[in-house]
Amino acid sequence: MPDLGSAIGVFDSGVGGLTVLAALRERLPNERFLYLGDTARLPYGSKSPDTVRRYARQAAGKLVERGVKLLVLACNTASAVAVDDLIQAFAPLPVIGVVEPGAAAACAATRSGHVLITGTEGTVSGGAYQRAMLARRPELKIDAVACPMFVALAEEGWIEGPIPEAVARRYLELELAGPERTRVDTVVLGCTHFPVLRGVLERVCGGAVRFVDSAQTTAAVVAEVLAREGLANPNTDGTARVRLLATDAPERFARVGSVFLGHPLASSEVELVDL
Ligand code: DGL
């Protein structure tokens, strides 16, 4: 039986997974978190599935070495190709990816039955979201568009104004056209970086479109698994302590990470590690 006071490991290719960490902290205020961003090898979104699996396994190994009691794969690209691999490699450690919870939420949200998946090239072309959604609702019509420039915009902190709006229009306009009855009514934000662009995306897509952000739904699944497996921290001080690890440039991690966390981060709060 693992120590219930051990941290929950959260892994992402970089800082983007801090959107998932923020949702986890809010949902699970009594837990400790150990977050690893593989900033030295970001982006994962344009790499081959084999490479992403190899990187994900090394990063997960680092968190397991530090004694985490559950592992969250916050990176959509890694979740799309590596979750089964990690479940096998680290059993009986519970490993939770963001694709299944996000797909379940999208299936529950759509009324028109027409969903648009947005993500990195790897996530969109691998088809993991599409498969997870069709397994639940085979009648759905699913489109998918890779939006790699959203990652760069979010990292740059350009999350409001005419530049991200123009990029969002270019990626999404055609996808959102068509007769109202059959139009996309749900957009999956299938990348860690996209939730910070939500304001812009809402304006571009119009009020009728719902957004599914896998951060919230993943946090709900983690809470369920902790309860079911008897892994919740019995300590109820509500302080949700966090340790941050990065494989490169802690200063950059802190600067860019502040955009994702919504509050300032100091580079002294980020430990540099090697995988
Ligand atoms: N974390 C990645 C994801 O959610 C986005 C950044 C990257 O390409 O590594 O897909």
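Atoms within each ligand, like the ligands themselves, are counted from 1 in listed order. The figures here come from the full heavy-atom set of this structure, side chains too, leaving out hydrogens, waters and symmetry mates. The structure displayed is predicted, hence computed values, not measured ones.
A salt bridge links E202 with R198: the closest approach of a Lys/Arg side-chain nitrogen to an acidic carboxylate oxygen falls below 4.0 angstrom.
Residue D12 approaches ligand 1 through these ligand atoms, each under 4.0 Å from one of its heavy atoms: 1 (N). Near P43, with a cut-off below 4.0 Å to any heavy atom, the atoms of ligand 1 are 7 (C), 8 (O), 9 (O). Within ligand 1, counting atoms from 1 as listed, the ones closer than 4.0 Å to a heavy atom of S13 are 1 (N), 2 (C), 6 (C), 7 (C), 9 (O). The ligand atoms of ligand 1 that sit less than 4.0 angstrom from a heavy atom of Y44 are 7 (C), 8 (O), 9 (O). Using a 4.0 Å cut-off to heavy atoms of G45, the atoms of ligand 1 that qualify are 7 (C), 8 (O), 9 (O). Heavy-atom proximity to C191, at under 4.0 Å, picks out these atoms of ligand 1: 3 (C), 4 (O), 5 (C), 10 (O).
In this structure, D143 and H114 have side chains that are in contact, with non-hydrogen atoms separated by less than 4.5 Å. Within the 4.5 Å cutoff, the side chain of D248 has no heavy atoms near those of the L42 side chain.
Contacts with ligand 1 closer than 4.0 Å are made by side-chain heavy atoms of T120 only, the backbone lying farther away.
In this structure, OG in S46 is found 6.5 Å from CD in E121, a value given to the nearest 0.5 Å.
Listed by first and then second residue, the ring-ring contact (aromatic ring centres under 6.0 Å, His included) pairs involving residues 45-96 are Y44-Y55 (not counting sequence neighbours).
Close N/O approach between S46 and ligand 1 is not found [any backbone or side-chain N/O within under 3.5 Å].
Only one option out of R241, R25, K69 pairs with E31 in a salt bridge (charged side-chain N to carboxylate O under 4.0 Å, His left out); it is K69.
Taking a 4.0 Å cut-off on heavy atoms, G119 fails to register as neighbouring ligand 1.
For the residues T77, V151, T192, the heavy atom positioned nearest atom 10 (O) of ligand 1 is part of T77.
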For the pair F211 and F194, evaluate ring pair (Phe, Tyr, Trp, His ring centres under 6.0 Å) and give the outcome as yes or no after the intermediate values.
CA-CA 11 Å; F211 288 89; F194 298 0; over 10 Å; no
